[in-house]
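Note on naming: letters A, B, ... go to the chains in the order of the sequence lines (proteins, then strands), and numbering restarts at 1 for each one.
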Protein chains: 2
Amino acid sequence: MRNAEFDKEAVLRAAMIAFMAKGYAKTSMQDLKAATGLHPGSIYCAFENKRGLLLAALGQYRADRAEEFQHFFSSDLPKLLQLKHYLEHVVQESISCQAAQACLLIKALNELAEQDDEVQAILIENLSDWQSSVGAVFHQAIAANELTGERSAEQLSRFFIMGVYGLRTYAQTHPEADIMHELAEQLFVDLCR
Amino acid sequence: MRNAEFDKEAVLRAAMIAFMAKGYAKTSMQDLKAATGLHPGSIYCAFENKRGLLLAALGQYRADRAEEFQHFFSSDLPKLLQLKHYLEHVVQESISCQAAQACLLIKALNELAEQDDEVQAILIENLSDWQSSVGAVFHQAIAANELTGERSAEQLSRFFIMGVYGLRTYAQTHPEADIMHELAEQLFVDLCR
DNA sequence: CTCTTTCTTGAATATTCATTCAAGATACTC
DNA sequence: GAGTATCTTGAATGAATATTCAAGAAAGAG
C-alpha cells in the first residue's frame, strides 16, 4: 500500500490558474506539469486526461467560490451593504489584472460552449447556482425593507449578474481603477432604485 | 498576369464565422479550408498564415460593424430611440444564438489577450472606437436635451458598453427572449435617468 | 528485513495540424 | 496563338502535443 503524494487541492488550484491564464486548448500538458508539479503519467492516473483535470478543477473552483460567497454574506451587516462590498471585491479582482483573475467559468464558457456539451452544462449550472445565491440575498434585502420590492429579487439578481459580467469584460479593455469603480457605483445605484 | 479568383470579402466573412464558432486555436486549417473554399496554399499566399487571416478577418469585421452602426444612427429619429433600437438589435443577435453571434472582438479578446499583444492591441482599439462612437451619440442626445447631462456622455457610453458586454455574456447562459428583453429594458431605463 | 502493492517517472508513441513547395492550371499580353 | 506571369492545388514536411507504458521508487504489511 502507498498513498498519493500530492495535495489534490493545491494541484487543482494550480491547474485552475493555468487554465485561466492560457485557456484550455492552449494550456499544454507541459504547462500543466510545470504548474502542478505532477508528471504527465500522474495526471492521467489521477484525472484520466486533460479534460478530466479541467472537470476536477471546475469542481474545486466551485467550492472555493462558494466559500468566498459565504465570507461576504455571513456577517450581520445590511444585505445591501454586503452586496456593495461584494461588487467592490469583483472590481478589485478585475483591476489587479493578473489574467488569472478572469472568472474561470466565463472564460471556459467562451472557449468551450458549442464544443463540449457536458462542460457547457456544468458551467451553466454553476453560474445558475451563483445567480440563485445572489437572488436569495436580494430576497433578504427586500424582506428587511432595504429595497422597495418594486423589482423582484429574481429581476434584481439577473441584473446584478449581468452587471458583473459586464464589469469583468470591461476590465479586459480598460482596467483603470477609477473608471471601474465608477461603473460599479452606477450599477449599484441603479439596483437600489 | 492573372487575378485572384476568390471574393475576398466573402472569404473573410466565412473566416470570421469559423473563428467565432470554434475560437482561434480550435479552428484548424481544414476548417478554414472548408469554410472559405480556399486551399491551404491559397490562404498562405493571400494572408501569410493563419494569424494573418485572423487579422484580415478582424479588419473586415470592423468595416462591417461600422456600416451596421451607420445604419442605426443615420436616421433622424431621436438619438435615445436610436440607442434603444440598437440595444434591441444586440439582444436579438444574442438570442438567435448561432454561436456565430458572439462578438468576435470579445471572443478573441477572451482567448488571445495575454498571448498575442498585437492582436490584443487591435481588439482594444476596435472596442475603444466603438465606445467613442456610442459616446458621440450620447453627446448628441444631451445636446438635443433628450438627456439632462447630469451624467456625461463618456460616463453614459461606458455604462452602455458595459451593459452590452453583460447582455452578451448573459445570453450565453440563459438565451431566453423575455429575460433578455427585460434586462435590456432595465438597462435602458437606467441610462435615461 | 522482505515482499507486495501502489505510485512516480519520463521517454516513446501516435496524432493532429500549421506550413511549405513544386507541379499544374489559368488568364492576360503581345 | 505563343509566352509568361500569376494563381491554385494538395500531398509532403516538420513541429507540437496529448497520451501511453514499462521500469523504477517508495510505503506499508507481515
CD/A:Glu48: more than 12 non-hydrogen atoms of other groups inside 6.0 Å: no
Residue-phosphate contact under 4.0 Å: B:His39 side-chain N/O, D:dG10 OP1/OP2: yes
A:Leu32 CG - D:dT17 C1' separation (whole Å): 12 Å
Under-4.0 Å side-chain N/O to phosphate OP1/OP2 contact, B:Tyr44 with C:dT20: no
For atom CG of B:Asp31 and atom P of C:dC17, their distance in whole Å: 8 Å
Proximity of A:His89 and A:Phe72 rings by center, below 6.0 Å: yes
Which nucleotide in D:dA18, C:dA18, D:dT9 has an atom nearest any side-chain atom of B:Met29: C:dA18
Nearest listed nucleotide, side chain of A:Pro40, among C:dA18, D:dT19, D:dT17: D:dT19
Whole-Å gap separating P (C:dT16) and CD (B:Gln30): 10 Å
Heavy-atom pair of closest approach, residues B:Leu104 and B:Phe19: CD1-CB, 4.2 Å
Rounded distance (Å) that lies between atom P of C:dA18 and atom CD1 of B:Ile43: 10 Å
Output field: ring centroids B:Tyr165/A:Tyr165 closer than 6.0 Å: no
B:Arg158 with A:Glu185: basic N within carboxylate O range, under 4.0 Å: no
Interatomic distance, B:Asp7 CG vs D:dT8 P [rounded to whole Å]: 13 Å
For atom OH of A:Tyr24 and atom P of D:dA18, their distance in whole Å: 9 Å
Length of the CZ-P vector between A:Phe47 and C:dT8, whole Å: 11 Å
Protein-nucleotide distance (B:Leu38, atom CG; D:dG10, atom P), rounded to Å: 12 Å
Candidate nucleotides C:dA18, D:dT17, D:dT9, ranked by approach to the side chain of A:Ser28 - the nearest: D:dT17
Residue mapping more 5' on DNA chain D - nearest nucleotide basis, A:Gly41 or A:Thr27: A:Thr27
5' priority, DNA chain D, between A:Lys26 and A:Glu48 [closest heavy atom]: A:Lys26
